[in-house]
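Data block below; observations after.
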Amino acid sequence: MAKALVERVLNEVGVKGEIVETFKGEELEGVRYVHILVEEYPAQKEFREKYEWAHRVILGEHVTLEDGTGLVHTAPGHGEEDFEIGQRYGLPVYSPLDDQGKYTEGKWKGIYVKEADPEIIEHLREKGYLVKAGEIEHKYPHCWRCKTPLIFRATDQWFLKVSKVKDKIIKENDEKVTWYPDWVKVRYDNGVMNSGDWVISRQRYWGIPLPIWQAEDGEIYVVGSFEELVKLAVAIEVNGERIDLPESYEEKLRVIEERLGPEDLHRPYVDAFIIKVNGKEMKRVKDVVDVWFDSGIASWASLDYPRNKELFEKLWPADFIVEGEDQVTKWFYSQQAASVIAFDTVPYRAVAMHGYVLDEKGDKMSKSLGNIIRPEEVVQKEGRDPFRFYMLWATNPWENLRFSWKGLEQVKRMLNILWNVYVLSATYMSLDNFDPTKLKPEELPFRKEDRWILSRVNSLVGEVTEGIETFRLTKATRAIYNFVVEDLSRWYIRLIRKRMWVEGDDPDKLAAYYTVWKVFDVLLRLMAPFTPYIAEEIYQNLLRPFTGVESVHMLDWPKADEKAIDGELEREMEYVRKIVEAGSSARQKARIKLRYPVRRIIIETEEETVKKAVERLNRLLKDQLNAKEVAVGKVERELIIKPNFAKVGPEFKGDAKLVSQWISEHGRELYEKGEVDVEIEGKTFHLTREHITVEEKLPDFLVAEEFEGGRVFVDKTLTRELLAEGVAREFVRRIQEMRKRLDLDVNDRIVVAIETTDENRELLQENLDYIMRETRAVEVRFEEARGYVVEWPEVQAKIGIEKV
RNA sequence: GGGCCCGUGGCUCAGCCUGGUCAGAGCGCCCGCCUGAUAAGCGGGAGGUCCGGGGUUCGAAGCCCCGCGGGCCCA
């Protein structure tokens, strides 16, 4: 008995005892004991004589100190661990149970094991062998489907000796297969190393029958085809009746068809064949093949190989397979194992492993938890394209995805933005009967921003292509997402809107149209695999009339036009956007609305790229910042130096006041020298920059904001001219709002009447032409508002408009 | 018990391979702006012990080791 268990066991049994000797368990190895049921089971007597290690203590590492005594009974016929250790000691695999769980011999022959238990206990008690009987709770295997307890029983099975080709599998896999993500390969290799031979037989009815025929003496023959089966057949058994077959193949076939039916390589058809090999009659082994074997041969079975060799030679091995992470040691493996056995090589060239879809909280979706979201529901509520894009965009494919409706909303928003860009462009293009095939791009006056977005979209081709090729679909979809939202909508479209409003055959406008068209030409092809429907819809309307190709899905995958890529320009634009953002922020601080122009914006920077950007993209900056001038420069500012009381106080205590006063007067000197010894009222003080705080003071008319490459200063000096322009825009904006409320057509003309303050009137008069042009007004009068009248308290005005 | 993966603001995630660019985005929240893409759009702000602990390094969210929590597979 194990020392650690002595007390517990004695307690349980209710016996007093003491430890007389302690020694290692291994000293017991080989000690012979008498089997307690040796009389009831004659086979045990035989074992005792025939097997050296039968009924002896053996050693095993699977015995624990958690339950029992430290000694366990080993039954190699009823449990995997027992079987393995039994093999090590050369023990017989004894399993006197039939398929029903009933004893096949011995005292309890014919009785179901569980029913025999109490009888056996009673029997042992009578014989005086029983110390204690009781119940112990422990884990026990159950049927995964019907949940009934299982009884382990050693049986004869057919194996594929995969251990013989393991090294080959790993080697072939190493050399020929790319795994995405690459670390799955490690997982796979570990799995292969740990796996044993493959049990391919199953005692079922449905399935692929094992093509093995066996003679009474055990000799086997594996039949390779229906034709071979017929050739070897000497008889068939139909309804228990043996029908001997004629000699010739054709006649055999006729008899078989007549008595058994047409060719069918399933049970019970194949079971009927009795073949003759080496002069012995053989019958089929009744087992069917493990379904994992079916899956293992999928790569060629699906090509109808070996019956059809043509497809196989053309398509095999497969380029790519994809499955969930539970299949690493299952389908990915069954295919390689079967293929290496059959062809000495692996059946695919790339594997992609994906994770699962979990619910929002990260729990597995399951019926019992009631957290299942059906794909159909998602498709119906949000659409196929958003769903598809979302799945690839939300997390890396190999990671688990926490499904979130909000995430889906976000993707929808992006697609909506794309749709808006398309609608806007298409509206203006069709108004102008835009036809890209009639234009010569080399003659169009492209602006910097046009070249920029073309550069960006070509860079995007590279990003998306790389993402797809390396299975980093999240990278690809995120690159598309950012391009659509940031580059195309938020920036490019914003920049070209005014150009699109120009009437007539303006080359500047055509350049913008052409650019947008070109961007869509590339972008739609990039998006086609991710959002096939929306890509196709836009393609049909915007591109197909000019490309003539029936569908976006029939176009070639785009190649990046290296000549169009201008990294320098992209970097400069990056800065321009940052400058505009900082400028807007500065305006917000100064409370100057974007409608009011500012006199000047100064950029302070050390970076060459920023300087170049300000120079080359100046028009763009002025436009977006609504500034009369944007320039790189240096802003003079005043330094305010104050004593740092937090330092000065504790250090100089009683003299702090004196020191502070000195700093207030001579701070500049200290700041410039860095440190200084000063004598005040006979005392010397050592002062450093630590003792001061430095603030920069800008001139009152400037407001500053930092950005990554420097600082932006907005000159907020408001001249009368600037004010007049701002006010004009205020009114234009409101008249436009009214036009919209009246649902006027873009081309409708109006008459405007304004009642407002004298101040406003004078200011407005300075920009009357501008107001009329922008609002399509034939006249602006300062008189009683008529027609559609709205009062606008924010600008102290009452405006009336009438359509003419 | 073993192998592999994941753990970053309230939420969902980038970044990690190839250490250094104040740690990024979206959603939500707060404050603004713009408006002939309009039942849209844009900007700004607040908000983070980068799971914990050691180590390597001039420097670690990132590399190494040990834990903790979750997922998958195997035993």
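What you see below is based on every heavy atom in this structure, not just the backbone, and it leaves out hydrogens, waters and symmetry mates. Below, read A as the first sequence line, B as the second, and so on, with proteins coming before strands; counting in each chain starts at 1.
- The A:Glu399 side chain lies nearest to B:A14 when the options are B:C72, B:A14, B:C4.
- Judged as a salt bridge (charged side-chain N to carboxylate O under 4.0 Å, His left out), and not counting sequence neighbours, A:Lys330 has no contacts.
- Residue-level contact check: A:Ser489 touches the bases, meaning some heavy atom is under 4.0 Å from a base atom.
- Going from atom CG of A:Asn416 over to atom C1' of B:A39 covers 11 Å, rounded to whole Å.
- Between B:U18 and B:G2, the distance separating the two C1' atoms is 31 Å to the nearest Å.
- Here A:Asp326 lies in heavy-atom contact (under 4.0 Å) with sugar-phosphate atoms only.
- At the heavy-atom level, A:Tyr428 lies under 4.0 Å from the strands shown only through sugar-phosphate atoms.
- The interatomic distance linking A:Ile493 (CD1) with B:C34 (C1') rounds to 17 Å, in whole Å.
- For A:Phe159 and A:Trp198, the ring centers are positioned 6.0 Å apart or more.
- Distance check on atom C1': B:G70 versus B:C33 gives 44 Å, rounded to whole Å.
- The same atom, C1', is picked in B:C16 and in B:U8; the two are 11 Å apart, to the nearest Å.
- Taking every side-chain heavy atom of A:Tyr356 into account, B:C72 is the closest of B:C4, B:C72, B:C42.
- For A:Gln335, the side chain to side chain donor-acceptor pair (under 3.5 Å) test picks out no residue, with sequence neighbours left out.
- Between the P atom of B:C73 and the CG atom of A:Asn400 lies a distance of 11 Å, rounded to the nearest Å.
- Between the CH2 atom of A:Trp398 and the C1' atom of B:C13 there is a distance of 13 Å, given to the nearest Å.
- At a cut-off of 3.5 angstrom, counting only N and O atoms as typed in the model, there is a donor on one side and an acceptor on the other between the side-chain of A:Arg187 and the base of B:C72.
- Comparing B:G71 with B:C51, their C1' atoms are spaced 16 Å from each other, to the whole Å.
- Among residues two or more places apart in sequence or in another chain, the side chain to side chain donor-acceptor pair (under 3.5 Å) test is passed with A:Glu449 by none.
- Considering only residues two or more places apart in sequence or on other chains, A:Tyr513 meets the ring pair (Phe, Tyr, Trp, His ring centres under 6.0 Å) condition with A:Phe434.
- Side chain of A:Trp183, nearest nucleotide from B:C73, B:C4, B:C72: B:C4.
- Partners of A:Asp715 under the salt bridge (charged side-chain N to carboxylate O under 4.0 Å, His left out) rule, at least two apart in sequence or in another chain, are A:Arg599, A:Arg600.
- If you check B:C74, B:A40, B:C72 against the side chain of A:Lys330, the one that comes closest is B:C74.
- Separating the OH atom of A:Tyr188 from the P atom of B:C74 is a distance of 14 Å, rounded to the nearest angstrom.
- Remark: P of B:C5 and CG of A:Asp189 are 13 Å apart, rounded to the nearest angstrom.
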As a check on the pairing definition, encode RNA chain B in dot-bracket form, counting Watson-Crick and G-U wobble pairs whose two distances are under 3.5 Å, and using | for partners outside this strand.
((((((((.[[[[.)....(...]]]].(((((.......))))).....[[[[[..)....]]]]]))))))).

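- In this structure, the side chain to side chain donor-acceptor pair (under 3.5 Å) partners of A:Ser334, at least two apart in sequence or on a different chain, are A:Ser295.
- The CE-P distance, from A:Met193 to B:C73, rounds to 22 Å in whole Å.
- Annotation: B:C34 and B:G41 have their C1' atoms spaced 8 Å apart (nearest Å).
- The residue among A:Arg577 and A:Gln327 whose nearest nucleotide of RNA chain B lies closer to the 5′ end is A:Arg577.
- A:Ser163 and A:Asp197 share a donor-acceptor pair across their side chains, judged by distance under 3.5 Å alone.
- In this structure, OH in A:Tyr188 is found 14.5 Å from CE in A:Met353, a value given to the nearest 0.5 Å.
- In this structure, A:Val580 reaches neither bases nor backbone, as no heavy-atom distance under 4.0 Å exists between it and the strands shown.
- Residue A:Asn190 places its side chain closer to B:G3 than to any other of B:C72, B:G3, B:C74.
- Comparing the same atom, P, in B:A60 and in B:C50 gives a spacing of 12 Å after rounding to whole Å.
- Of the C1' atoms belonging to B:G52 and B:C58, the separation is 26 Å, rounded to the nearest Å.
- Rounded to whole angstrom, the span from the NE2 atom of A:His354 across to the C1' atom of B:C72 amounts to 12 Å.
- Residue A:Val423 is out of contact with every strand shown, counting any heavy-atom pair closer than 4.0 Å.
- Residues A:Gln736 and A:Thr775 have side chains that never bring a donor and an acceptor to within less than 3.5 angstrom of each other.
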Scan nucleotides 15-33 of chain B nucleotide by nucleotide, 5' to 3', and note B when protein non-hydrogen atoms come under 4.0 Å of the base, S if they reach only the sugar-phosphate, - if neither.
S----------SS----SS

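- Ranked by how close their nearest RNA chain B nucleotide is to the 5' end, A:Thr329 and A:Arg776 are led by A:Arg776.
- Taking the six-membered ring for Trp, A:Tyr422 and A:Trp419 have ring centres closer than 6.0 Å.
- For the salt bridge (charged side-chain N to carboxylate O under 4.0 Å, His left out) test, residues two or more places apart in sequence or in another chain that qualify with A:Lys412 are A:Glu382.
- Atom C1' of B:C63 sits at a distance of 10 Å from the matching atom of B:U57, rounded to the whole Å.
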